[in-house]
Number of protein chains: 2
Amino acid sequence: MDIPSGSPTKKRISESTIHRLSRYFRTLSLLEKENFETVSSKELAKREKLTPAQVRKDLSFFGSFGTRGLGYPVAELKAKVSRILGIDRIWRVALIGVGNIGSAMVSYKEFIKQGFHIVKLFDNDQRKIGSNHKGIIVSDIKNLRTELQDDRIEMVIVAVPATVAQYIVDVVVKAEVKAILNFAPINLKVPPGVHVRNENMAMELEYLSFAMVNHHSPKGIGKA
Amino acid sequence: MDIPSGSPTKKRISESTIHRLSRYFRTLSLLEKENFETVSSKELAKREKLTPAQVRKDLSFFGSFGTRGLGYPVAELKAKVSRILGIDRIWRVALIGVGNIGSAMVSYKEFIKQGFHIVKLFDNDQRKIGSNHKGIIVSDIKNLRTELQDDRIEMVIVAVPATVAQYIVDVVVKAEVKAILNFAPINLKVPPGVHVRNENMAMELEYLSFAMVNHHSPKGIGKA
DNA sequence: TGTTAATTGTGAAGCATTTCACATGAGTAT
DNA sequence: ATACTCATGTGAAATGCTTCACAATTAACA
Ligand SMILES: NC(=O)c1ccc[n+]([C@@H]2O[C@H](COP(=O)([O-])OP(=O)(O)OC[C@H]3O[C@@H](n4cnc5c(N)ncnc54)[C@H](O)[C@@H]3O)[C@@H](O)[C@H]2O)c1
Ligand SMILES: NC(=O)c1ccc[n+]([C@@H]2O[C@H](COP(=O)([O-])OP(=O)(O)OC[C@H]3O[C@@H](n4cnc5c(N)ncnc54)[C@H](O)[C@@H]3O)[C@@H](O)[C@H]2O)c1
């Protein structure tokens, strides 16, 4: 009935499962707004273009959240998923490189709703240092290490040119930050225990390009 | 020796393989700059943190590009990979929604180097329509369908608010565009044959969050 | 309170992807 | 020419992920 909380399920959870949990979370938020009390794996699957079995299996890695014959309680499941993802808390995030991408990220209000609080900005451009972006003063990159530590930053977003990204990340690692979202198109080297996710838009365009030249069309589309 | 071009290899190529091809391409460009003539699967694997077998298997789906005992000719392989990905040509791209993210994308010079030419911008904001972004005049969204067709646009980048993204995409689909890079955090509905890739930064932050709370650390990292 | 309808949770089966391991072939040196 | 080395290309094994199928369980209702 209860999951022994002392020894959390030590199965290896796949990257795909985690990504799907993110999607369930988004859909559950929507369902909540639409005043659904419960939702079945079937409905959830339909909205996410998955199979009901996939939904149930994903959730089952973390516990039994549903009621047979009824489905899952929306609000409760949403809370559980947010707990699993670790977004039931506030994360202190710093953004490094207040350029095109960096500015876009700071302006984005959805992150804060999900608990990602960008509380520091860094740049090396004298014209940017000291300026105010959405209420945050841009710090000098020179003080990166000390300020990351003093402000207990837990995650950083790296939006600097590729040429300096590794150098910046080395400092970030020294400041004991363990999570990095990287926009620079390079393979960052970090010690074990430091998590890196890459956001690579060129790669997605290339995927589209591949799909097009292979006209991967699931069923004939071409006109006669 | 030659691949029968009449019946292209009809194996299903996995998404991961395509993404790795993108990475090989980037690394091969680098190797070319470093004046490497040839590269072994071992070296390529080392740079990408993969196994040599993985590299060879990926490439083998498309042909035999290497020389036993020697490795792969860098320049030639790069050309082959770019051919496979379909980036040995120019893609005409339109960007819809010249806001924070949209502006960042237009300013990014690397896309053009890879053959992705952003040649049209659309917005519905009167202050933006008619303005000049990197040499491109922002068009009125009202003319989306006709201008996409008249300008023979092949891909679009959707960077509008989530609330209007589906509506915009419906028009894009009517204009016979078959590839969409979407930044709005929603599940777009498109007919078969239209390719959609989602760029979802919140999802990557959530992945980092999950990794942190599960301190997935491969080997003990914590201090004593 | 018993019967029916619905939907979960989960082993096992079915696929897909990755890794292994080695025969094969190309280049090199003698 | 012949032997030797090196690294590819690829079936086969191993691993991982998704789907199936059904027993178990609950809600609803007669
Ligand atoms: N703009 C895009 O659409 C896009 C797309 C894909 C990838 N990227 C990648 O994202 C990164 C940022 O791109 P961008 O377009 O925002 O570039 P940008 O030049 O607009 O911004 C980079 C910022 O980093 C700052 N910077 C440079 N060196 C620094 C240093 N040593 N320390 C601290 N700050 C420093 C610059 O002052 C600038 O503000 C790049 O690596 C780029 O390749 C950008
Ligand atoms: N900024 C970020 O860091 C970020 C991060 C993740 C996701 N996103 C997503 O990317 C999208 C764009 O975000 P943004 O921050 O650039 O928003 P933004 O508000 O800065 O830009 C949106 C642009 O779309 C235009 N627009 C609105 N309605 C339109 C319509 N009907 N037709 C044409 N244009 C229209 C607006 O005028 C504006 O220029 C959103 O869906 C957002 O959720 C943004």
Side-chain angles (χ1 to χ4, degrees), chain A residues 1-4 9-24 28 31 36-74 76-78 80-81 84 207 216 218, chain B residues 1-4 9-24 28 31 36-74 76-78 80-81 84 207 216 218:
Chain A
M1 195 161 276
D2 223 12
I3 304 148
T9 331
K10 263 288 115 124
K11 250 170 246 162
R12 177 140 221 89
I13 305 297
S14 76
E15 172 168 328
S16 337
T17 292
I18 303 309
H19 276 155
R20 282 192 300 268
L21 286 181
S22 285
R23 295 164 60 188
Y24 302 152
L28 288 165
L31 287 165
F36 279 68
E37 298 258 305
T38 59
V39 64
S40 64
S41 59
K42 197 174 155 198
E43 172 67 18
L44 219 35
K46 202 183 105 203
R47 297 202 176 212
E48 293 292 347
K49 288 220 207 79
L50 299 167
T51 63
Q54 179 81 85
V55 173
R56 295 200 297 277
K57 178 73 57 165
D58 282 339
L59 296 174
S60 79
F61 290 134
F62 303 96
S64 294
F65 307 127
T67 306
R68 284 158 201 241
L70 237 201
Y72 301 89
V74 171
E76 210 176 304
L77 183 59
K78 184 184 160 218
K80 289 274 167 62
V81 172
I84 293 163
Y207 190 97
H216 246 325
Chain B
M1 194 159 279
D2 223 14
I3 303 152
T9 331
K10 263 292 118 134
K11 252 172 244 164
R12 178 140 222 88
I13 306 296
S14 75
E15 170 169 330
S16 338
T17 293
I18 304 308
H19 275 154
R20 281 192 300 269
L21 286 181
S22 284
R23 294 164 61 189
Y24 301 152
L28 288 164
L31 286 165
F36 279 70
E37 300 258 304
T38 58
V39 64
S40 62
S41 57
K42 197 174 154 197
E43 173 67 17
L44 218 36
K46 202 183 106 201
R47 297 202 177 212
E48 293 292 347
K49 291 222 205 76
L50 299 167
T51 64
Q54 178 83 83
V55 173
R56 296 200 298 276
K57 177 76 51 162
D58 283 339
L59 296 174
S60 77
F61 290 135
F62 303 96
S64 293
F65 308 127
T67 308
R68 286 160 200 242
L70 236 203
Y72 301 90
V74 170
E76 211 176 302
L77 183 58
K78 185 185 158 216
K80 288 275 168 59
V81 172
I84 294 164
Y207 191 98
H216 248 328

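Model, not experiment: these values are computed from the prediction.
- Rounded to whole angstrom, the span from the CD atom of B/Glu37 across to the P atom of C/dA26 amounts to 20 Å.
- Residue-to-nucleotide contacts include no donor-acceptor pair under 3.5 Å from the side chain of A/Arg56 to the base of C/dT8.
- Between A/Ala53 and B/Thr67, it is B/Thr67 whose nearest contact on DNA chain D lies nearer the 5' terminus.
- Of the candidate nucleotides C/dT18, D/dA27, C/dT8, D/dA27 has the atom nearest to the side chain of A/Leu70.
- At least one donor-acceptor pair closer than 3.5 Å links the side chain of B/Arg23 to the backbone N or O of B/Glu48.
- In this structure, B/Glu15 places its CD atom where more than 12 heavy-atom neighbours from other residues, nucleotides or ligands lie under 6.0 Å away.
- Here the straight-line distance linking atom OG1 of A/Thr38 with atom CG of A/Leu70 works out to 5.5 Å at 0.5 Å rounding.
- Base engagement by A/Lys57 is indicated by at least one non-hydrogen atom pair under 4.0 Å involving a base atom.
- Between the CG atom of A/Leu59 and the C1' atom of D/dT18 there is a distance of 15 Å, rounded to whole Å.
- Between A/Gly69 and A/Gln54, the residue anchored closer to the 5' end of DNA chain D is A/Gln54, taking for each the nucleotide with the nearest heavy atom.
- The CD1 atom of A/Ile13 sits 12 Å away from the C1' atom of D/dC17 (whole-angstrom rounding).
- Side-chain N/O atoms of B/Thr51 include one lying less than 4.0 angstrom from OP1 or OP2 on C/dT19.
- Distance alone, capped at 3.5 Å, is enough to place a donor-acceptor pair between the A/Ser14 side chain and the A/Thr17 backbone.
- B/Phe61 places its CZ atom 11 Å from the P atom of D/dG11, with the value rounded to the nearest Å.
- The nearest whole Å value for the distance from the CD atom in B/Glu15 to the P atom in C/dT18 is 11 Å.
- Residue A/Ser41 places at least one side-chain N or O under 4.0 Å from the OP1 or OP2 atom of C/dT8.
- At least one cation-pi condition fails for B/Arg20 and B/Phe61: the charged atom is not both under 6.0 angstrom from the six-membered ring centre and inside a 45 degree cone around its axis.
- Here the nucleotide nearest the side chain of A/Ser40, chosen from C/dG9, D/dG9, C/dT7, is C/dT7.
- Between B/Arg12 and C/dC15, a side-chain N or O to OP1/OP2 separation shorter than 4.0 Å is absent.
- For the pair B/Leu77 CG and D/dT8 C1', the computed distance is 13 Å after rounding to whole Å.
- As a whole-Å value, the separation of A/Lys42 NZ from C/dA5 P is 15 Å.
- When distances run from any side-chain atom of B/Arg68 to the nucleotides C/dT17, D/dA21, D/dA7, the shortest one goes to D/dA7.
- Note on B/Tyr72: a side-chain N or O is less than 4.0 Å away from OP1 or OP2 of D/dG9.
- Here the P atom of nucleotide D/dA7 and the NZ atom of B/Lys46 are 13 Å apart, to the nearest Å.
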